[in-house]
Amino acid sequence: MSSARSSEPKMKTYLSIYYLIQFCGHSWIFTNMTTRFLFFGQDAFADTFYSIGLVMQGCQLLSILELAHILLGVEQNGFLPMFLQVAERFIILFVVITSQEEVQSKYIVCALFFIWNLWDVIRYPYDMLAAVDTDYSALTWLRHTWWIVAYPLSVLAEAYTIYESLPYFESLGTYSFKMALPVSLSFHFPYILTLYLVLQPVGMLYICSCLWSERKQYFQRKLKLKKN
C-alpha cells in the first residue's frame with residue numbers, strides 16, 4: 001500500500017535502506033528462479049523451495065517491520081490491509097508450505113513464488129523512491145496498475161497451494177490434536193484451512209478495493225497536475 005511517510009531525514013534514510021534490502025532480496029529470488037528455469041526448464045520447478053526458500057522466508061519475516069512502521073507512525077498506511085497482506089503470506093509460506101515437505105516440490109509453489117516476486121520487484125523500488133520523495137512516473141504507474149493482474153493471480157495460487165496441501169494435513173495430522181483431559185477436545189487443522197479458503201475471497205475483495213482507491217487517487221492527482 002502507498003503511504004504518507006515521515007519527513008525526518010533519519011526516518012527517510014532508514015525506510016529507503018529497508019526497502020532497498022527487500023528489493024535486493026526479492027530481485028535475487030526472481031533472478032534465481034528465472035535463470036534456473038532458462039537453464040533447467042521444468043526440472044527447476046521441483047526444487048524451487050530448496051533453492052530460494054530460505055531467502056524467501058527471510059524477506060517475509062522482515063516484512064513484519066512494515067506493520068511496526070504503521071504502529072509507530074513512521075508510515076501512515078492503513079494497518080488492516082497491510083496486516084492481511086503480510087498474514088496471508090505467513091500462513092501460506094510458514095504454515096502450509098514449510099510444514100509439508102511433499103508440498104514444497106509442487107509446481108504451484110514455483111508459480112506462487114514467481115507471482116509474489118514479480119509484484120515485489122515493482123512494489124519495493126517504488127516504496128524506496130517514495131521514501132526519499134522521488135517519483136518516477138513509469139514505475140508509479142506500474143505500481144498502481146500491475147496489482148490488477150498480480151494480486152488476484154497470487155490469491156488463486158495461494159488457494160490452489162492450500163488445496164494441494166489438504167491431503168497431506170489429513171494423512172499426517174500436522175497441527176491437529178486431541179485432548180482427553182480435563183475435557184475431551186479435538187482440533188482438526190484441515191477444517192481451519194478449509195475455512196480460510198472460504199474467507200479468502202472476502203479478504204481479496206477488501207484489499208483490491210483499497211488498492212483500487214489508491215489507484216483512483218493517483219490518476220486524479222495526475223489529471224489535476226496536467227490541468228495546472
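- Applying the side-chain hydrogen bond (donor to acceptor under 3.5 Å, both in side chains) definition to pairs two or more places apart or across chains, those involving residues 128-139 are K12-D133, D135-T140.
- Taking the six-membered ring where the residue is Trp, F83 and F79 present parallel rings, their angle staying beneath 30° rather than reaching 60°.
- Between Y124 and Y19, the angle of the ring planes lies from 30° to 60°, which puts this pair in the tilted group.
- In the hydrophobic cluster analysis, where Ile, Leu, Val, Met, Phe, Trp and Tyr join through side-chain heavy atoms closer than 4.5 angstrom, Y191 is grouped apart from I91.
- L93 has its side chain within reach of F113: a pair of non-hydrogen atoms, C-beta onward, lies under 4.5 Å apart.
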- Apply side chain to side chain contact (heavy atoms under 4.5 Å, CB included) to the pair F90 and L61, showing each step before the final yes or no. CA-CA 8 Å; F90 262 70; L61 285 171; 3.9 Å; yes

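- Side-chain contact between I21 and M128 is absent, with no heavy atoms from C-beta onward closer than 4.5 Å.
- Within the 4.5 Å cutoff, side-chain heavy atoms of Y18 are placed close to those of S63.
- To the nearest 0.5 Å, the span separating CZ on R143 from OH on Y126 amounts to 6.0 Å.
- Atom CZ of R89 is separated from atom CZ of F94 by 11.5 Å, given to the nearest 0.5 angstrom.
- Using a distance-only test at 3.5 Å, with no hydrogens or angles considered, a donor-acceptor pair links the side chain of S154 to the main chain of Y151.
- For the pair T31 (side chain) and W28 (backbone), a donor-acceptor distance under 3.5 Å is absent.
- Using a 30° and 60° split on the angle between ring planes, F37 and F45 fall in the parallel class, below 30°.
- Residues Y107 and E164 fail the side-chain proximity criterion, which asks for heavy atoms closer than 4.5 Å.
- Ring-plane geometry between W147 and W212 is classed as perpendicular, the angle between the planes exceeding 60 degrees on a 0 to 90 degree scale with a lower cut at 30.
- Residue-environment remark: CZ (F39) stays at or below the threshold of 12 foreign heavy atoms within 6.0 Å.
- Side-chain atoms of S51 come within 3.5 Å of backbone atoms of T48 as a donor-acceptor pair (strictly under, hydrogens ignored).
- Two residues are said to be in side-chain contact when any heavy atoms from C-beta on lie closer than 4.5 Å; Y175 and I192 fail this criterion.
- Between L166 and P190 the shortest heavy-atom distance is CD2-O, 3.9 Å.
- L156 and Y206 fall into different hydrophobic clusters, where Ile, Leu, Val, Met, Phe, Trp and Tyr side chains are chained together by heavy-atom contacts under 4.5 Å.
- F40 and V109 fall into different hydrophobic clusters, where Ile, Leu, Val, Met, Phe, Trp and Tyr are joined by side-chain heavy atoms under 4.5 Å apart, directly or via other members.
- Using a distance-only test at 3.5 Å, with no hydrogens or angles considered, no donor-acceptor pair links the side chain of T35 to the main chain of N32.
- Neither Y50 nor Y168 shares a network with the other; the hydrophobic side chains, linked directly or stepwise wherever heavy atoms of I, L, V, M, F, W or Y lie under 4.5 Å apart, form separate groups for each.
- Note that CG of L67 is 7.0 Å distant from CG of L71, once rounded to the nearest 0.5 Å.
- Shown here for H144 and R215, the closest heavy-atom pair between the two residues is O-CD, 2.7 Å.
- Residues F30 and F114 place their aromatic rings such that the two centres sit under 6.0 Å apart.
- Of the inter-residue distances, the one linking D127 atom CG with H69 atom NE2 reads 10.5 Å to the nearest 0.5 angstrom.
- Residue F187 is grouped with residue L185 when hydrophobic side chains (ILVMFWY) are merged at heavy-atom distances under 4.5 angstrom, including chains of intermediate members.
- The nearest pair of heavy atoms linking L15 to A131 is CB-CB, 3.8 Å.
- Taking all atoms of both residues into account, the shortest heavy-atom contact from L112 to A157 is CD1-CB, 3.7 Å.
- Considering only heavy atoms from C-beta on, I29 stays 4.5 Å or farther from D120 through its side chain.
- Side-chain atoms of T174 do not come within 3.5 Å of backbone N or O of F169 as any donor-acceptor pair.
- From E158, atom CD reaches atom CD of Q200 across 5.5 Å, with rounding to the nearest 0.5 Å.
- Between V198 and P201, the shortest heavy-atom distance links the atoms O-CD, 3.3 Å.
- L84 places none of its side-chain heavy atoms less than 4.5 Å from the side chain of E88.
- In this structure, S213 contributes its side chain and C210 its backbone to no donor-acceptor pair below 3.5 Å.
- Residues W146 and L118 have side chains in contact (heavy-atom distance under 4.5 Å, counting atoms from C-beta outward).
- How far CD of Q57 is from CD1 of I52: 9.0 Å, rounded to the nearest 0.5 Å.
- In this structure a side-chain-to-backbone donor-acceptor pair under 3.5 Å is missing from E75 to I70.
- Ion pairing of R123 with E66 is present here, as a side-chain N (NZ or NE/NH1/NH2) and a carboxylate O approach within less than 4.0 Å.
- Within a 6.0 Å sphere centred on OH of Y196, other residues, nucleotides and ligands contribute more than 12 heavy atoms.
- Shown here is E102, whose CD atom has more than 12 heavy atoms of other residues, nucleotides or ligands within 6.0 Å.
- At least one donor-acceptor pair under 3.5 Å links the side chain of S176 to the backbone N or O of F189.
- In plain terms, the two heavy atoms of H26 and C59 that are nearest each other are NE2-CB, 3.6 Å.
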